[in-house]
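What follows is one structure encoded as structure tokens, with my remarks underneath.
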Amino acid sequence: MNNPVAGYVFFLVMAVLIFGSAYWAYRRHTVKSVDDFVTGGRRMGLGIISASIMASWIWTTTLIGASEAGMWFGASGGFHYAWGAIVPFLVFIPVALRLRRLMPKASTFAEFIRERYGTGVHVLFLVFGIGVGFYVYTEQLVGAGILFKTTFGVDYKVAVVMTTALVVSYVALGGFRGSIVTDLFQFAVVAIACVFLIPWLLAKVGGAEFLYQGLERVASDPKDPNHNAEAMDWFSSSGLRYGLAAVVIATGQVLLEQGYYQRAVAAIDQKRLRWAYIIGGIVAWFPIPLMFGLVVGGTGLAMGFGAGAELESTSDVAPYVMSNVLGPVAGILFSVMVFMAATSTADTSLAGAQSLFTVDVYERYWNKGKPNERLQLRFGRVVTIVYGFAGMAVALGLEGQSLLQIDIFSGILFAAPVAALVFGLFWRRASPEAAVISIAAGLGGGLIAWFSIPDEDINWFVGNAISLGAPIILMVVLPLLRKEQFEFGRLLNWKPHHRAVGGQEAPATAGE
Amino acid sequence: MTQTVHAFIVYFGTVWLVIGLLFVAALALGNVRRIARDEE
């Protein structure tokens with residue numbers, strides 16, 4: 001469909017629905033305090049957090065990239081995408097539980113870092129935390145721009161500006177609550193679309209038998225445009241390497257993303273926090289990339305769609321299959337899904353960065369005295385707008401760039417601090433010096449590997465592995481050289497400058 | 001991978017997708033209704 005007017009109408013309808021739901025929530029519950037602005041009152045139930053986790057972890061690349069992985073790796077492509085991206089969530093659950101147990105009144109992970117390692121490391125983690133959010137947010141804007149350009153023929157730059165204005169407006173207005181409420185709406189749309197599209201496609205092409213015959217041909221016929229001898233191998237070496245790379249790349253994107261800690265802090269109690277991440281991640285999220293790889297990518301293989309022929313590149317397989325195999329209604333439904341995925345992830349990252357600025361930057365560096373919560377809220381809203389439009393400026397400059405290449409490079413940048421965070425949470429002997437050295441070594445080693453290894457098939461993998469692995473080794477070895485031990489008990493009574501609820505598990509009356 | 005195993009994964013995955021999403025939707029809806037009732 002190359003109809004920009006239809007694209008503008010599509011955007012207008014989506015914008016009214018998304019902003020309308022956020023505004024409705026804002027009118028029902030006006031934000032009165034900083035704690036409410038960044039944690040949503042800490043009384044969210046299991047279902048709301050689960051749905052929000054699923055909506056936030058569905059990126060545009062989850063739908064488009066998992067289908068493409070199905071084209072690349074055959075039957076196992078979607079599976080390798082799914083397990084690679086879910087492992088960091090399984091690591092995140094004990095990290096979030098531990099953080100909440102140690103500092104019940106904290107609302108950001110950076111507050112823990114400051115108490116645990118001191119101001120220098122706090123600043124370092126703020127840079128990384130804000131950087132991760134900025135990267136993820138910007139990538140979603142790029143995804144939305146590509147969606148409008150390829151589906152409707154809307155100018156990429158116009159689409160990026162429109163999407164930015166929408167996301168910034170409802171996050172600046174409602175803070176974390178605005179992000180959560182829109183997540184529910186976005187979850188509902190993605191869920192309805194998935195529940196219809198996958199069984200519909202399966203029925204249309206003739207079931208699993210047709211997909212299997214296609215895989216057999218791709219594996220055995222060297223003339224097939226997608227020939228891959230490992231297409232039927234569930235544990236192919238290339239697929240496993242792809243999954244492993246996804247683990248490394250996604251680890252920093254999850255463990256340094258304040259948006260996920262916000263959801264952990266917002267849960268009523270620890271039991272619901274744990275189950276919300278398991279249900280949202282494994283029950284709701286995992287089957288989506290699995291099935292998009294298996295069925296959508298599998299349909300592309302079985303029908304012999306090839307890059308350079310029907311498809312411009314294998315990235316186009318999902319929109320092409322939806323529009324050309326199922327028809328224009330499915331094509332539009334898929335576009336709605338991708339737009340919801342882009343905005344829900346963008347608002348999670350934007351709200352996460354908003355809380356780091358509103359709480360950590362404002363209370364510790366902008367206004368060190370007794371803060372005025374009204375001014376602090378205003379600061380948070382202004383920063384959200386500035387940060388949001390700065391992301392837009394970068395997204396405008398990324399037109400035509402390979403998102404996959406940027407994603408791989410981001411793994412090197414953001415994996416290095418993970419070891420210092422996790423060891424700091426669980427080991428008394430982890431020291432600030434070891435934290436700084438491990439981050440510098442991981443980041444430096446990863447970048448050196450990326451730029452110095454001439455073979456482009458392995459430099460990204462070695463770079464990512466060093467960035468994540470070297471800090472783990474250093475965080476084990478370096479603290480053994482010192483005798484000091486951190487006393488975790490003193491964190492229990494820690495309080496932020498603003499008024500914060502928490503400190504005891506809230507009674508399970510709201511939303512549960 | 002045999003055809004039977006492939007078919008099992010495809011259909012099991014489809015059921016998982018549908019049931020999983022409906023389950024979370026039901027949980028979320030229950031939460032929203034409870035919050036609305038509490039606020040009243």
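Order of the sequence lines sets the chain letters (A, B, ...), proteins ahead of strands, with each chain counted from 1. For the numbers below, each heavy atom of this structure counts, side chains included, while hydrogens, waters and symmetry mates do not.
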Note, A/Ile198 side chain near B/Val18 side chain (heavy atom, < 4.5 Å):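 No; the side chains remain at least 4.5 Å from each other.
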
Discussion item. Applying side chain to side chain contact (heavy atoms under 4.5 Å, CB included) to A/Leu211 and B/His6, what does each step give before you reach the verdict?
Written reply: CA-CA 9 Å; A/Leu211 300 179; B/His6 177 261; 3.8 Å; yes

Non-hydrogen atoms of chain B under 4.5 Å away: do they reach the side chain of [X], the backbone, both or neither?
X        : answer
A/Ala284 : both
A/Ile49  : neither
A/Glu209 : both

Can you give me the closest heavy-atom contact between [X] and [Y], atom names plus distance?
X       : Y        : result
A/Arg28 : B/Ala36  : NH2-CA, 4.2 Å
B/Trp16 : A/Val283 : NE1-O, 3.3 Å
B/Ala7  : A/Ala208 : CA-CB, 3.8 Å
B/Ile9  : A/Trp234 : CG2-CH2, 3.9 Å
B/Val10 : A/Met291 : O-CE, 3.2 Å
B/Tyr11 : A/Leu202 : CE2-CD2, 3.8 Å

Could you grab the distance from atom [atom1] of [X] to atom [atom2] of [Y], nearest 0.5 Å is fine?
X        : Y        : atom1 : atom2 : result
A/Tyr212 : B/Thr4   : OH    : OG1   : 8.0 Å
B/Leu17  : A/Leu290 : CG    : CG    : 9.0 Å
B/Leu21  : A/Ile288 : CG    : CD1   : 5.0 Å
B/Gln3   : A/Leu215 : CD    : CG    : 10.5 Å

**Message:** Is it the case that the side chain of B/Asn31 and the backbone of A/Met44 share a donor-acceptor pair, with hydrogens and angles ignored and the cut-off at 3.5 Å?
**Reply:**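 Judged by distance alone, no pair lies under 3.5 Å.
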
(Q) At a 4.5 Å cut-off on heavy atoms, which part of B/Leu29 comes close to chain A: side chain, backbone, both, or neither? (A)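 Neither part; nothing is under 4.5 Å.
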
Top residue by heavy-atom pair count (under 4.5 Å) with chain B, among A/Val190, A/Asp233, A/Ile279, A/Val295?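 Result: the option with the highest number of such pairs is A/Ile279.
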
